[in-house]
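Reviewing the structure listed below.
The residues of the chain are indexed from 1 along the displayed sequence.
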Amino acid sequence: MADFDDTFDPELGAACNRLAAFVEPLPEGAVIDPVSHLTERDLALILRRLYATRHGEAVDAGATHARPRREGRVSVPITAKT
């Protein structure tokens, strides 16, 4: 998998590199989390899309489309569709 060393956000790039190192040795289609049905394919897709957009600009913290964080879920992004 490609590396994210040239991303606009070095911290995000380093995290993506760690995630890629985790995903690469997994068998194709392996289930990562049976409750959410998260698979190796999901993680690989996320990484490919992030890699394709790695030169984008940081998201404006004051953007109107940003959803407020709920208390108690600080480390888990909210991905529910509205």
Do Val31 and Val23 share a hydrophobic cluster (ILVMFWY, side-chain heavy atoms under 4.5 Å, transitive)? no
What distance do Ile32 atom CD1 and His37 atom NE2 have between them, rounded to the nearest 0.5 Å? 13.5 Å
Tell me the closest heavy-atom pair linking [X] and [Y], and the distance in Å.
X	Y	result
Ala21	Pro25	O-CD, 3.1 Å
Asn17	Asp3	OD1-CA, 3.4 Å
Cys16	Leu50	SG-CD1, 3.7 Å

In short, salt bridge (charged side-chain N to carboxylate O under 4.0 Å, His left out) pairs touching residues 36-47 with sequence neighbours left out are Glu28-Arg41
Quick one: does NZ or CZ of Arg54 land under 6.0 Å from the six-membered ring centre of Tyr51, within 45 degrees of the ring axis? yes
Among Thr53, Ile46, Leu45, Leu47, find the residue that satisfies the side chain to side chain contact (heavy atoms under 4.5 Å, CB included) test when tested with Arg49. Leu45
